[in-house]
Amino acid sequence: MAHNFGDFNPALTAAVKRIANGDSDAVFFSPHAFDREEERDIDHSTVWSCLRRGKVYGPEWIDGELRANVVHLGLHVRVAIGELGFDAQSDWSELSSILVCTVMGI
């Protein structure tokens, strides 16, 4: 079954990679994300690799938050952007932090 994560977003990809490859204090993990890592036996360093090297799709509104999907080598990481004061038309080069909401294999 093919997964649809939305449209590839090169500008948001560049922003997420810049943040993930920079100051690790700008990447936050929800308790849910940590729980899913453990439940799904996904190594935390693999999640970081996905953020640093993956392609970003979206964003889309989910449960009142603007979220995007980061995909790399069979790993899907969902990141929240909306609660950080951005909207779908934002200048992604100004994004300064991300929140990892959940983690899953694909």
Side-chain angles (χ1 to χ4, degrees):
M1 176 179 173
H3 296 275
N4 183 1
F5 298 111
D7 295 328
F8 172 62
N9 189 326
L12 187 50
T13 296
V16 168
K17 286 181 179 184
R18 175 181 45 78
I19 292 165
N21 283 302
D23 182 5
S24 62
D25 290 339
V27 180
F28 302 93
F29 288 80
S30 71
H32 177 83
F34 284 125
D35 290 346
R36 295 301 78 80
E37 282 182 23
E38 185 175 331
E39 174 186 293
R40 296 171 177 153
D41 198 29
I42 297 172
D43 186 74
H44 194 63
S45 65
T46 303
V47 175
W48 275 100
S49 179
C50 181
L51 293 171
R52 290 178 174 137
R53 296 182 181 98
K55 291 185 177 181
V56 180
Y57 298 86
E60 61 188 337
W61 287 100
I62 299 175
D63 298 330
E65 284 186 316
L66 192 62
R67 297 183 182 183
N69 300 292
V70 185
V71 179
H72 180 65
L73 296 178
L75 186 63
H76 170 211
V77 176
R78 182 160 280 168
V79 296
I81 297 160
E83 70 181 34
L84 304 173
F86 280 75
D87 61 37
Q89 307 308 312
S90 290
D91 177 358
W92 300 115
S93 67
E94 296 180 10
L95 189 67
S96 60
S97 61
I98 57 175
L99 170 68
V100 177
C101 300
T102 195
V103 178
M104 64 196 78
I106 53 174

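Numbering starts at 1 and runs along the sequence shown.
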If I compare all heavy atoms of [X] with all of [Y], which pair ends up nearest, and what's the gap?
X      : Y     : value
Val100 : Ala33 : O-CB, 3.5 Å
Ser97  : Phe28 : CB-CE1, 3.8 Å
Ser96  : Ala26 : O-CB, 3.3 Å

With rounding to the nearest 0.5 Å, note down the distance linking [atom1] in [X] to [atom2] in [Y].
X      : Y     : atom1 : atom2 : result
Phe29  : Leu51 : CZ    : CG    : 5.5 Å
Cys50  : Asn69 : SG    : CG    : 10.0 Å
Leu12  : Ile98 : CG    : CD1   : 9.0 Å
Met104 : Glu37 : CE    : CD    : 12.0 Å

Legend entry - Set of residues satisfying side-chain hydrogen bond (donor to acceptor under 3.5 Å, both in side chains) with respect to Thr102, sequence neighbours excluded: His32
Legend entry - Partner set under side-chain hydrogen bond (donor to acceptor under 3.5 Å, both in side chains) for Asp43, not counting sequence neighbours: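 For Asp43, the residues satisfying side-chain hydrogen bond (donor to acceptor under 3.5 Å, both in side chains) (neighbours in sequence not counted) are Ser45.
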Which side-chain N or O atoms in residues 13-22 pair as donor and acceptor under 3.5 Å with protein atoms at least two apart or in another chain?
from	atom 1	to	atom 2	distance (Å)
Thr13	OG1	Asn9	O	2.8
Thr13	OG1	Val56	N	2.8
Arg18	NH1	Leu95	O	3.3
Arg18	NH2	Ser93	O	3.2
Arg18	NH2	Leu95	O	2.8
Asn21	ND2	Lys17	O	2.9

Inset, instruction - Give a yes or no answer on whether the side chain of Arg67 reaches the backbone of Pro59 with a donor-acceptor pair at less than 3.5 Å. - result: no
Inset, instruction - Could you list the residues that satisfy ring pair (Phe, Tyr, Trp, His ring centres under 6.0 Å) with His72, not counting sequence neighbours? - result: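 With sequence neighbours excluded, His72 shows a ring pair (Phe, Tyr, Trp, His ring centres under 6.0 Å) to no residue whatsoever.
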Inset, instruction - Applying ring pair (Phe, Tyr, Trp, His ring centres under 6.0 Å), name anything that partners Phe8, two or more places apart in sequence or on another chain. - result: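 Tyr57.
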Inset, instruction - Determine, stepwise, if the pair Phe34 / Val103 fulfils side chain to side chain contact (heavy atoms under 4.5 Å, CB included). - result: CA-CA 8 Å; Phe34 284 125; Val103 178; over 6 Å; no
Legend entry - Candidate pair Ile106 and His76, rule side chain to side chain contact (heavy atoms under 4.5 Å, CB included), full reasoning: CA-CA 6 Å; Ile106 53 174; His76 170 211; 3.5 Å; yes
Legend entry - Sequence-distant partners of Glu38, salt bridge (charged side-chain N to carboxylate O under 4.0 Å, His left out), two or more places apart: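 With neighbours one apart ignored, the set is empty.
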